[in-house]
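First up is the structure itself, then whatever we jot down about it.
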Amino acid sequence: ISLMGINVFSDEGYDAQASASTADIIKGLEYACEKGAQVINMCLGHSVGYTDLMGQPHDDKALEAAINDAVYNRDVVITCSAGNTGDTRPWYPSDFEAVVSVINTKQYTNAWSKDCKTKGSSYGSKKDISAPGREVYTTRLNGSYSACSGTSISAPAVAGVAALVRYVNPDLSASAVKRILYSTATDLYAPGYDIYTGYGNVNAYRAVAKAAGVKAE
């Protein structure tokens, strides 16, 4: 599996996940598609009324159209961070129907407790699945490692599993990959889908096994 990093944020700086302009996000999305990306992860977003770094409003219709083209016409799986607002307010692009919206979960002792979800993670009926995203070690710009938290940590985990699923079964469509991710997730909080954890924590072993046609033990 090859990994490609695309920076859609302005050279002028970064002050929030909403900093990137719609035009630059779409350019990054199109570039990834042109290079043959089969899974795209987007750790950025904004709520209604947010502006980019230059104070310009986001064009959600244009962004959704570009995402729909990538998913439905180019058969790309797109995962997105669900947002870190701690409530159900809309968060784009994660709340677009075509994407996989990822909630942030933490280490828990009771799988049926609402405490599985981190307090700061966004949630709601537009969110799809969860992944661990609290105090996860990751790389830093200076070459070191440190613990980070948030849905921007959770979403890449789901993207990685989606890539593994497509690796073991390249014939799977984007919609089939999504069904596998959801149907094999480790259920949390309430049986089946719920607004706090979606279909539950992504389960790499079960997802890859199902994609490969192997019975998971």
Side-chain angles (χ1 to χ4, degrees), residues 1-4 6 25-26 28-45 60-83 90-105 122-131 133 151-152 154-188 190-216:
I1 295 172
S2 299
L3 179 66
M4 173 171 54
I6 301 172
I25 295 172
I26 292 174
L29 188 62
E30 291 176 343
Y31 180 84
C33 291
E34 289 168 1
K35 295 298 182 181
Q38 296 182 48
V39 178
I40 295 174
N41 180 61
M42 302 174 73
C43 290
L44 47 78
D60 293 328
K61 289 185 177 180
L63 180 56
E64 185 172 23
I67 286 175
N68 286 346
D69 177 63
V71 174
Y72 300 127
N73 296 329
R74 306 189 196 212
D75 203 35
V76 178
V77 177
I78 298 182
T79 59
C80 295
S81 51
W91 192 259
Y92 303 110
S94 87
D95 286 9
F96 294 144
E97 184 64 29
V99 308
V100 178
S101 179
V102 187
I103 295 167
N104 176 15
T105 54
S122 299
Y123 60 97
S125 61
K126 298 294 186 180
K127 317 305 182 187
D128 300 304
I129 197 169
S130 298
T151 56
S152 289
S154 305
V158 176
V161 176
L164 290 172
V165 165
R166 289 203 124 168
Y167 175 79
V168 298
N169 193 339
D171 294 330
L172 288 173
S173 66
S175 59
V177 173
K178 289 170 69 173
R179 287 195 298 270
I180 287 174
L181 292 174
Y182 301 160
S183 65
T184 59
T186 300
D187 204 3
L188 299 174
Y193 178 88
D194 65 79
I195 65 170
Y196 292 100
T197 64
Y199 287 99
N201 266 341
V202 67
N203 189 311
Y205 175 70
R206 291 179 186 170
V208 172
K210 187 166 186 176
V214 177
K215 184 178 180 180

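The first residue in the sequence is number 1, and the count goes up from there.
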Let me confirm one number: the OG1-CD1 distance from T79 to I129, rounded to the nearest 0.5 Å.
10.5 Å
Between the CD1 atom in I103 and the OG atom in S81, the distance rounded to the nearest 0.5 Å is 12.0 Å
Does Y31 OH have over 12 foreign heavy atoms under 6.0 Å away?
no
Exam field: side chain K178 to backbone A98, donor-acceptor pair closer than 3.5 Å:
yes
Tell me the closest heavy-atom pair linking A212 and V168, and the distance in Å.
N-CG2, 4.1 Å
Any chance you could measure D60, atom CG, to L63, atom CG, to the nearest 0.5 Å?
6.5 Å
Compute whether any side-chain donor of one residue and acceptor of the other, for N104 and T151, lie under 3.5 angstrom apart.
no
Search all heavy atoms of D95 against all heavy atoms of S101 and return the closest pair with its distance.
OD1-OG, 4.4 Å
Report the residues that fulfil side chain to side chain contact (heavy atoms under 4.5 Å, CB included) with A32, sequence neighbours left out, ordered by chain and then residue number.
M4, I6, A37, I40
Are the side chains of V100 and Y182 in touch, meaning some heavy atoms are under 4.5 Å apart?
yes
With Y193, which residues qualify under ring-ring contact (aromatic ring centres under 6.0 Å, His included), at least two apart?
Y199
For R206, salt bridge (Lys or Arg N to Asp or Glu O under 4.0 Å) partners two or more places apart
none
What salt bridge (charged side-chain N to carboxylate O under 4.0 Å, His left out) pairs are there with at least one residue in residues 160-169, not counting sequence neighbours?
D75-R166
Show your working on side-chain hydrogen bond (donor to acceptor under 3.5 Å, both in side chains) between T184 and N203 and close with a plain yes or no.
CA-CA 6 Å; T184 59; N203 189 311; over 6 Å; no
D69: what forms a salt bridge (Lys or Arg N to Asp or Glu O under 4.0 Å) with it, not counting sequence neighbours?
R74
D128 meets the salt bridge (Lys or Arg N to Asp or Glu O under 4.0 Å) criterion, sequence neighbours left out, with none
CD1 of I78 to OG of S94: how many Å apart, nearest 0.5 Å?
12.5 Å
For D187, check side chain to side chain donor-acceptor pair (under 3.5 Å) against everything at least two apart and list the hits.
none
Nearest heavy-atom contact between I195 and S125 is CG2-N, 3.9 Å
Side-chain donor-acceptor pair under 3.5 Å between N201 and S130, yes or no?
no
How far apart are the closest heavy atoms of A162 and V77, and which atoms are they?
CB-CG1, 4.2 Å
Kindly give the heavy-atom pair with the smallest separation between N41 and A155, and that separation in Å.
OD1-CB, 3.3 Å
Return the OG to CD distance between S2 and Q38, rounded to the nearest 0.5 Å.
10.0 Å
With a 4.5 Å cut-off on side-chain heavy atoms, are E64 and P93 touching?
no
Residues at least two apart in sequence or cross-chain that pass side chain to side chain donor-acceptor pair (under 3.5 Å) with K210, listed by chain then number, are S183
What distance separates K127 NZ from D194 CG, expressed to the nearest 0.5 Å?
14.0 Å
Once side chain to side chain contact (heavy atoms under 4.5 Å, CB included) is applied, do any residues pair with L164, and if so which ones, sequence neighbours excluded?
I1, V208
Side chain to side chain contact (heavy atoms under 4.5 Å, CB included) filter on A176, not counting sequence neighbours, yields L172, S173, R179
ring-ring contact (aromatic ring centres under 6.0 Å, His included) filter on F96, not counting sequence neighbours, yields Y92
Suppose we screen for side chain to side chain contact (heavy atoms under 4.5 Å, CB included). Which residues come up paired with A65, at least two apart in sequence or across chains?
none
To check you understand the geometry: which heavy-atom pair defines the closest contact between C33 and V76, and what is its length?
SG-CG2, 4.2 Å
